[in-house]
Amino acid sequence: MKKYLITILSLIGFSLSACSKNLDRFNGVNTSIPNLTIISPTGAPALGFYNLATSQNFETNADPTNIVKIMNAGQKDVVVLPTNAGVQNIVKNNAPYKIAATITFGNFYVASLNNDSNGEMDPSDVILLFQQNNVPDKLFHYIYGNDLNNGIHYVNAVSDVSKAIKDGFFVDAETGLQMVPNYVLIAEPALSALSNITVYADIQEKYREKNNDLDIYQASIFIRNEVSKDQGDALLAKLKLDIEEAISDSNKLLEGMNKVESASTVFGVAPQMAANVLKKNNGMGLGFKKAIENKTAIDQFLSLFNIGETNEEIYYK
């Protein structure tokens, strides 16, 4: 009996010690996975949820416009969207959510196909961008202005840019002419999947140079107003831990993604590719920053879309 009592007391002591360490690590916030429904676009934002991939409450969608509709209807507890899209949905459509944290901070690059005689991107070059009037296009024009407009052409998606690089040409949507690009705007992980191109400019670095070292607040987490603070805080603490651990050790990302079948479809990125790009100086742009603590940087990013200064009422606190 004495032996069993000692064993039980030891187990209780271990349990209390483990809980204490858990609470200390997150300033008293419960880090157990809350029972919240979550939807994220595929690609870089989805990677932050690598440890929740097997949960029936987590899903992804390849088209962010579908997530905007879900947000409007309040159908999920948590939605992940481009920061500008989510904020506009709250401000203009009274979507019942608050912006809680940003988890991706840009993964855009200008690449050269090494076929330009002077090695300098100028209006005489053929410059291929994607997603006209959306985040990639806005960032490019914010950094380079309108001086290069005569050389700019557009395709719909980063996959179309990749195809143009592989094929060595693209068909201009306006003229129907076949054209050979000299420079392209591209995003990771598509960049790392290609050969025979050279990084000409890191858009994240260029953006920071213009903004007193502020980051691109690209994709953010929005929490439904009806979610309890305990549940919201627990999810944010869990994500912060998972993202920071993945950045420190990309194998954690790889292991988490591989727990789900058809991981490439779920995340929109093959697990090994995602881990390789993350390991390469965090090329995916993953991170975790609470929104309310970075309102100035968020407002700066939103100004690219002619969105005025945000009201603190739309922030999760």
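Remember, predicted model here, so these are calculated numbers, not experimental data.
The backbone N or O of Ile298 sits nowhere less than 3.5 Å from a side-chain atom of Asn294 that would complete a donor-acceptor pair. A donor-acceptor pair is defined here as one N or O able to donate and one able to accept, closer than 3.5 Å; no such pair exists between the side chain of Asp125 and the backbone of Ile127. Not a single donor-acceptor pair under 3.5 Å links the side chain of Asn211 to the backbone N or O of Leu214. No side-chain donor-acceptor contact under 3.5 Å links Asn258 to the backbone of Glu255. Remark: side-chain polar atoms of Gln88 are not paired, donor with acceptor, to backbone N or O of Lys92 under 3.5 angstrom. Side chain of Asp160 to backbone of Tyr154: no donor-acceptor contact under 3.5 angstrom is found. Of the possible polar contacts, none joining the Tyr97 side chain to the Ile314 backbone as a donor-acceptor pair under 3.5 Å is found. Although no hydrogens or angles enter the test, the distance criterion places a donor-acceptor pair under 3.5 Å between the side chain of Asp299 and the main chain of Thr310. Judged by distance alone, the side chain of Thr37 and the main-chain N or O of Asp77 form a donor-acceptor pair under 3.5 Å. Side chain of Asp137 to backbone of Asn134: no donor-acceptor contact under 3.5 angstrom is found.
Counting heavy-atom neighbours within 6.0 Å of Lys76 NZ, excluding the residue itself, gives a total above 12. Within a 6.0 Å sphere centred on CG of Asn114, other residues, nucleotides and ligands contribute more than 12 heavy atoms. Counting non-hydrogen atoms of other residues, nucleotides and ligands closer than 6.0 Å to NZ of Lys259 gives a total of 12 or fewer. Around the NZ atom of Lys210, the shell of radius 6.0 Å holds more than 12 heavy atoms that belong to other residues, nucleotides or ligands. Atom NZ of Lys279 has 12 or fewer heavy atoms from other residues, nucleotides or ligands within 6.0 Å. For Lys138, the NZ atom counts as densely surrounded, since its 6.0 Å shell holds more than 12 non-hydrogen atoms of other residues, nucleotides or ligands. Other residues, nucleotides and ligands place no more than 12 heavy atoms under 6.0 Å from the CG atom of Asn156. Within 6.0 Å of CG on Asn212 lie no more than 12 heavy atoms contributed by other residues, nucleotides or ligands.
Side-chain heavy atoms closer than 4.5 Å link hydrophobic residues (I, L, V, M, F, W, Y) into clusters, and following such links, possibly through other members, connects Leu185 to Leu304. Note on Leu278 and Leu52: same hydrophobic cluster, where clusters join Ile, Leu, Val, Met, Phe, Trp and Tyr whose side-chain heavy atoms are under 4.5 Å apart, directly or indirectly. Connection of Ile216 to Val199 is established within a shared hydrophobic cluster, with ILVMFWY side chains joined at heavy-atom distances below 4.5 Å, either directly or through further cluster members. Cluster membership check: Leu36 does not share its hydrophobic cluster with Met71, using side-chain heavy-atom separations under 4.5 Å among Ile, Leu, Val, Met, Phe, Trp and Tyr. The cluster map of Ile, Leu, Val, Met, Phe, Trp and Tyr, joined by side-chain heavy atoms under 4.5 Å apart, puts Val79 and Ile221 in different clusters.
Residues Asp242 and Lys252 fail the side-chain proximity criterion, which asks for heavy atoms closer than 4.5 Å. Within the 4.5 Å cutoff, the side chain of Thr83 has heavy atoms near those of the Leu302 side chain. Side-chain contact between Val266 and Met257 is absent, with no heavy atoms from C-beta onward closer than 4.5 Å. Within the 4.5 Å cutoff, no side-chain heavy atoms of Phe288 are placed close to those of Leu241. In this structure, the side chains of Lys98 and Ile223 stay at 4.5 Å or more apart for every pair of heavy atoms. Residues Phe222 and Asn89 form no side-chain contact, since every pair of their non-hydrogen atoms from C-beta on lies 4.5 Å or further apart. Looking only at side-chain heavy atoms (C-beta outward), Val227 and Val78 stay at 4.5 Å or farther from each other. Contact check for Ile203 versus Val110: side-chain heavy atoms found under the 4.5 Å cut-off.
Here Ile99 contributes atom CD1 and Lys290 contributes atom NZ; the two are 14.0 Å apart, rounded to the nearest 0.5 Å. Expressed to the nearest 0.5 Å, how far OG1 of Thr102 lies from CG of Leu286 amounts to 12.5 Å. Between atom OG of residue Ser192 and atom CD1 of residue Ile197 there is a gap of 8.5 Å, rounded to the nearest 0.5 Å.
Remark: aromatic rings of Phe105 and Tyr217 are close, center separation under 6.0 Å.
Judged as a ring-ring contact (aromatic ring centres under 6.0 Å, His included), and not counting sequence neighbours, the contacts of Tyr200 are Tyr183. Applying the salt bridge (Lys or Arg N to Asp or Glu O under 4.0 Å) criterion to Glu174, with sequence neighbours excluded, gives no partner residue.
For the residue pair Asp230/Ser228, the side-chain donor-acceptor check at 3.5 Å is not satisfied. Asn57 and Asn35 are linked by a side-chain donor-acceptor pair at a separation below 3.5 angstrom, with hydrogens and angles left out of the test. Under the 3.5 Å distance criterion, with hydrogens and angles disregarded, a donor-acceptor pair is assigned to the side chains of Gln204 and Asp202. Side chain to side chain, Thr60 and Ser40 fail the donor-acceptor criterion of an N or O pair below 3.5 Å.
Partner of Asn61 under the side chain to side chain contact (heavy atoms under 4.5 Å, CB included) criterion, chosen from Val80, Ile39, Thr42: Ile39. None of Lys163, His153, Gln178 except one satisfies the side chain to side chain contact (heavy atoms under 4.5 Å, CB included) rule with Phe170; the exception is His153.
Residues Leu239 and Gly48 share a closest heavy-atom pair of CD2-O, 3.4 Å. Residue Ile67 comes nearest to Pro41 through the heavy atom pair CD1-N, 3.4 Å, listed as atom of the first residue, atom of the second, then distance. Heavy-atom minimum distance, Phe108 versus Pro136: CE2-CG, 3.7 Å.
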(message) Applying side chain to side chain contact (heavy atoms under 4.5 Å, CB included) to Met284 and Thr104, what does each step give before you reach the verdict?
(response) CA-CA 8 Å; Met284 299 300 298; Thr104 65; over 6 Å; no
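Taking the six-membered ring for Trp and thresholds of 30 and 60 degrees, Phe305 and Phe301 have ring planes more than 60 degrees apart, a perpendicular arrangement. Taking the six-membered ring where the residue is Trp, Phe49 and Phe58 present parallel rings, their angle staying beneath 30° rather than reaching 60°.
Between Glu293 and Lys289 no salt bridge is recorded (no basic side-chain N to carboxylate O distance below 4.0 Å).
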